[in-house]
Amino acid sequence: MTKQVRAARTRRALIRSAAIVFEQHGYGQARVALISSGAGVSTGALHFHFENKAAIAEAVVAEGSHGLLEVSSAIRRRTDTALQTLVDTSHALVDLLGRDPVTRAGFRLSYGGERGGEPGLPVQWQGCVRELLDEAAAVGTLVEGVSRTDVTAATVAATTGFEVLGRCDAQWLSARTLTGFWQLLLPCLAAPDVLPLLDPSGTVAATEAIAAGRPETEPYGAETATPT
């Protein structure tokens, strides 16, 4: 194994360990020593990659952002309409929030008020939703007069709210819950001739993106960090 490959693996391990520690203890109470221990490296090795805890947090947000971008781009290439892309991407996002500590921590660090910096993943997701709704409106697949601002707010609030509720009950982050949300919303959103063509449970594009996106993910609650 080359030094570059080893360094990349160590960096990924540190980011994942940091995400788990931030989840368990919060940003303020997270200790650098616990993060390095969870990654199986020394604190000196951690500081080789990251100057301080804030730099690690920024890396967690950036990694979560990259993962969401990869998944959304893959789905967009496989779907025919912007509305189905939106549904499928939301399913992939909720799946990541349920299984991937980096995605969860990226959202929490962005909107939890525990650290400064850019808004991060919630704003990225909001922009993605609005872009797809604008695209749908441009080709006439939205109900006339529907407020894209209101639909964006409802979609972002629901998907991120499911993550908060899912901390106590994993069913909130299930495909069934999100499917029910779209079954309620799509009839108010999609033009009558488009609605029968949409699948609120997601298409194979979502399934494939989920499978390819993060093969190392684990179910919510399965991660643990080893204390020092």
Side-chain angles (χ1 to χ4, degrees), residues 1-75 89 91-125 160 163-164 166-167 170 173 207-228:
M1 185 188 303
T2 66
K3 289 183 178 180
Q4 291 85 350
V5 171
R6 188 181 304 113
R9 288 187 177 182
T10 299
R11 179 181 174 85
R12 287 196 299 270
L14 285 166
I15 290 173
R16 183 175 176 82
S17 176
I20 295 169
V21 172
F22 290 147
E23 272 201 287
Q24 293 178 346
H25 302 282
Y27 176 79
Q29 298 301 315
R31 292 186 291 126
V32 169
L34 188 55
I35 294 171
S36 61
S37 174
V41 301
S42 67
T43 54
L46 181 149
H47 286 298
F48 174 81
H49 292 274
F50 303 104
E51 181 180 357
N52 50 35
K53 186 169 70 173
I56 304 173
E58 292 292 344
V60 170
V61 173
E63 181 69 14
S65 176
H66 178 70
L68 176 57
L69 179 61
E70 280 193 332
V71 165
S72 62
S73 297
I75 290 173
T89 303
H91 275 281
L93 172 60
V94 166
D95 180 82
L96 284 173
L97 288 171
R99 295 190 298 123
D100 180 27
V102 175
T103 303
R104 284 196 302 273
F107 266 85
R108 294 184 192 183
L109 288 166
S110 298
Y111 63 53
E114 295 180 306
R115 49 173 292 280
E118 295 300 319
L121 271 73
V123 170
Q124 179 187 351
W125 173 229
T160 56
E163 188 276 323
V164 175
R167 299 177 196 180
L173 285 168
T207 304
E208 291 176 351
I210 289 168
R214 290 189 185 275
E216 78 279 10
T217 53
E218 299 172 357
Y220 206 170
E223 307 90 358
T224 57
T226 305
T228 55

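- I20 contributes atom CD1, which lies 12.5 Å from atom CD1 of I15 (distance to the nearest 0.5 angstrom).
- When atom types are taken as modelled, the side chain of T10 and the backbone of R6 share a donor-acceptor pair closer than 3.5 angstrom.
- Put simply, the side chain of E63 never gets that close to the backbone of V102: no donor and acceptor are under 3.5 Å apart.
- A distance of 12.0 Å separates CD of Q29 from CG of L34, quoted to the nearest 0.5 Å.
- When all heavy atoms of G28 and K53 are compared, the pair lying nearest together is O-NZ, 3.4 Å.
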- Query: What do the steps show when you test L93 against F107 for side chain to side chain contact (heavy atoms under 4.5 Å, CB included), and what is the final call?
  - Reply: CA-CA 11 Å; L93 172 60; F107 266 85; 3.8 Å; yes
Donor-acceptor contacts under 3.5 Å from residues 44-51 side chains, at least two apart:
{"residue": "H47", "atom": "ND1", "partner": "F50", "partner atom": "O", "Å": "3.4"}
{"residue": "H47", "atom": "ND1", "partner": "E51", "partner atom": "O", "Å": "3.3"}

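- Nearest heavy atoms, A59 versus R11: CB-NH2, 4.0 Å.
- A salt bridge between E23 and R108 is present, with a side-chain N of the basic residue lying under 4.0 Å from a carboxylate O of the acidic one.
- L173 CG to R99 CZ: the interatomic distance, rounded to the nearest 0.5 Å, is 11.5 Å.
- Contact record, Y27 with A57: CE1-CB, 3.7 Å, taken as the closest heavy-atom pair.
- Residues L68 and T103 are not in side-chain contact: their nearest non-hydrogen atoms beyond the backbone lie 4.5 Å or more apart.
- Considering only heavy atoms from C-beta on, D100 stays 4.5 Å or farther from R104 through its side chain.
- With sequence neighbours left out, A39 forms a side chain to side chain contact (heavy atoms under 4.5 Å, CB included) with A13, L14, S17, V41.
- Counting only distance, with no hydrogens or angles, the side chain of S36 and the backbone of A33 share a donor-acceptor pair below 3.5 Å.
- At a threshold of 4.5 Å between non-hydrogen side-chain atoms, the residues L121 and V61 count as touching.
- The two residues A209 and I75 come nearest to each other via the heavy atoms CB-CG1, 3.5 Å.
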